[in-house]
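All remarks here apply to the structure that follows.
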Amino acid sequence: MKKTTLLAVETSCDETGVAVAMKENDSVTILANAVASQIDIHAITGGVVPEVAAREHVTVIQPLIKKVLADAKLEPAELDGIAVTIGPGLMPALAVGVQTARTLSYAWKKPIIPVHHIEGHIYSALLNGQEIKFPALALIVSGGHTLLVEVTGHINYKILGTTVDDAAGEAFDKVARLIGLPYPGGPAISELATKGDKHAFDFPRPMTTSGDHNFSFSGLKTSVLYAWKKIPDDKKEEMKADIAASFQEAVIDTLAQKTDHALQEKPYQQLLLGGGVAANHELQERLASVSSRVNIPLSVAAKNLFGDNAAMIGQAGVFGYEAGRKKTWHEVDAQARINLEEFSIQR
Ligand code: KG4
Ligand code: ZN
């Protein structure tokens, strides 16, 4: 029986993630998973300060590694390697995870499996134990990224479209800040939206007729700004929920329409949804109806695994490892910008 066991590390932004993933034949089990969130720290500044994030990663990463190995009841010698997010992300933050992985790789004499952060979000949709059928279409929506990716086989990606300006999650965060909601904006807006009227404001659905698969959320954010400025100060509090609901509806409608267009172009077998914004219930429901129209299943990560975590890095890592992606410690570096397609195993 073929078995691969990896320690996985994720530090690209404001969550320190460490996990142990084990693949036996075709099924992956997460033996241990720990996430140390820095949200409380970054809420004070209303966003992530890279150096602050890095300092927090340094403080918690070693105890987390000790903890997950104990939880998984494993000795380092029993591991096949160390999967680590090498990019994209905040350079000082990424560097902590990568340097930790390099040190462990050297000390334990185990290979490193470099993982692209978005690859992790794609594989997060399979963390429920779902199988994947190819070709699959993945919609990845997070604080830093908005992507439609064709997954032609395991570890094989083709980017169909991306955002030309702000990411979907970034728009949630900026609009939340505008209307006085706390960081991160996504959960705060979606909660307030339940009390508002999503038809109260007619915000644009950017690039839904562009004929390509790209996104843009900067103009939508500006429309919200103008609408907000027009509301008299003494009415702002009572109109806030309508703004939140109408903005959220515009983002979801845009994501759903663009996904729908892509699904019309090819007989995709499965739709995958990942990234922090995937935690949004309205978005999940809308995409479920989009996928059922073309009779394919929608796979969404298990609860609590939408945001950044190392389970998804381990999940992608075991497939990468089995496809031959093994590096020595001196071959691996953090890269703030790196293209997902470069991680594809060409077949
Ligand atoms: O994947 P993630 O944890 O980090 C990045 O790689 O960026 O995504 C974080 C993003 C934030 O912008 C946050 O506001 C958004 O995901 N988010 C949501 C929800 N929960 C988190 N956006 C909309 N609705 C939510 N329920
Ligand atoms: Zn992420």
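Since this is a predicted model, take the numbers as computed values, not measurements. Both ligands and their constituent atoms are indexed starting at 1 by order of listing. The figures that follow rest on heavy atoms only: side chains count, while hydrogens, waters and symmetry mates do not.
Counting atoms of ligand 1 from 1 in the listed order, those under 4.0 Å from a heavy atom of Gly169 are 12 (O). Residue Gly307 approaches ligand 1 through these ligand atoms, each under 4.0 Å from one of its heavy atoms: 3 (O). For ligand 1, the atoms lying closer than 4.0 Å to a non-hydrogen atom of His121 are 1 (O), 6 (O). Per-residue contacts place Gly276 under 4.0 angstrom from the following atoms of ligand 1 (heavy atoms of the residue considered): 1 (O), 2 (P), 8 (O), 16 (O), 17 (N), 18 (C), 19 (C), 20 (N), 21 (C). Close approach of ligand 1 to Ser142 is summarised as follows: ligand atoms under 4.0 Å from at least one heavy atom of the residue are 1 (O), 5 (C), 6 (O), 7 (O), 8 (O).
Looking at Glu119 and Tyr157, their side chains do bring a donor and an acceptor atom within 3.5 Å of each other.
Nearest-heavy-atom check against atom 14 (O) of ligand 1 across Asp173, Thr85, Ile189, Ile140 picks out Asp173. Considering each of Ile252, Ile39, Asp308, the one bringing a non-hydrogen atom nearest atom 5 (C) of ligand 1 is Asp308.
Counting only heavy atoms of the protein, atom 24 (N) of ligand 1 lies nearest to Asn280 ND2, 3.0 Å. Gly186 CA, 3.3 Å is the protein heavy atom nearest to atom 22 (N) of ligand 1. Annotation: atom 15 (C) of ligand 1 to nearest protein heavy atom, Val277 CG2, 3.9 Å.
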Full working for side chain to side chain donor-acceptor pair (under 3.5 Å) between Thr4 and Glu322: CA-CA 8 Å; Thr4 303; Glu322 290 191 357; 2.8 Å; yes
Intermediate values then yes/no, side chain to side chain donor-acceptor pair (under 3.5 Å), Glu10 and Asn309: CA-CA 6 Å; Glu10 152 68 44; Asn309 64 81; over 6 Å; no
Quick one: do His121 and Asp308 satisfy side chain to side chain donor-acceptor pair (under 3.5 Å)? Show the steps, please. CA-CA 8 Å; His121 279 303; Asp308 293 343; 3.0 Å; yes
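With 2.8 Å as the limit, Cys13 does not count as an N, O or S neighbour of the Zn ion (ligand 2). Under 2.8 Å from the Zn ion (ligand 2) lies an N/O/S atom of His117, whether from backbone or side chain.
Val48 and Val52 sit in two unconnected hydrophobic clusters of ILVMFWY residues. Membership requires side-chain heavy atoms under 4.5 Å apart, directly or through other members. In terms of hydrophobic clustering, with Ile, Leu, Val, Met, Phe, Trp and Tyr side chains grouped at heavy-atom distances under 4.5 Å, Val9 and Ile112 are assigned to a common cluster. In the hydrophobic cluster analysis, where Ile, Leu, Val, Met, Phe, Trp and Tyr join through side-chain heavy atoms closer than 4.5 angstrom, Val35 is grouped apart from Ile39. Note on Ile159 and Leu139: separate hydrophobic clusters, where clusters join Ile, Leu, Val, Met, Phe, Trp and Tyr whose side-chain heavy atoms are under 4.5 Å apart, directly or indirectly.
Ligand 1 has Gly185 within reach: a non-hydrogen atom of the residue lies less than 4.0 Å from it. Remark: distances from the non-hydrogen atoms of Gln248 to ligand 1 are all 4.0 Å or more. Not a single heavy atom of His145 sits under 4.0 Å from any atom of ligand 1.
When only interatomic distances are considered, the shortest N/O to N/O separation between Gly143 and ligand 1 falls below 3.5 Å. Taking distance alone, with nitrogen or oxygen atoms compared against 3.5 Å, Gly144 approaches ligand 1 more closely than that limit.
Partner Val20 forms a side-chain contact (heavy atoms from CB on, under 4.5 Å) with one of Leu6, Leu74, Ile30 and no other, that one being Leu74.
At a heavy-atom cutoff of 4.0 Å, ligand 1 is contacted by the side chain of Ser190 but not by its backbone. Contact annotation: for His117 versus ligand 1, heavy atoms closer than 4.0 Å belong to the side chain alone.
For Asp308, the N, O or S atom closest to the Zn ion (ligand 2) goes by the atom name OD1.
Residues Phe247 and Phe201 place their aromatic rings such that the two centres sit no closer than 6.0 Å. Aromatic ring centres of Tyr123 and His154 lie closer together than 6.0 Å.
Ion pairing between Lys221 and Asp165 fails under the 4.0 Å rule for side-chain N and carboxylate O.
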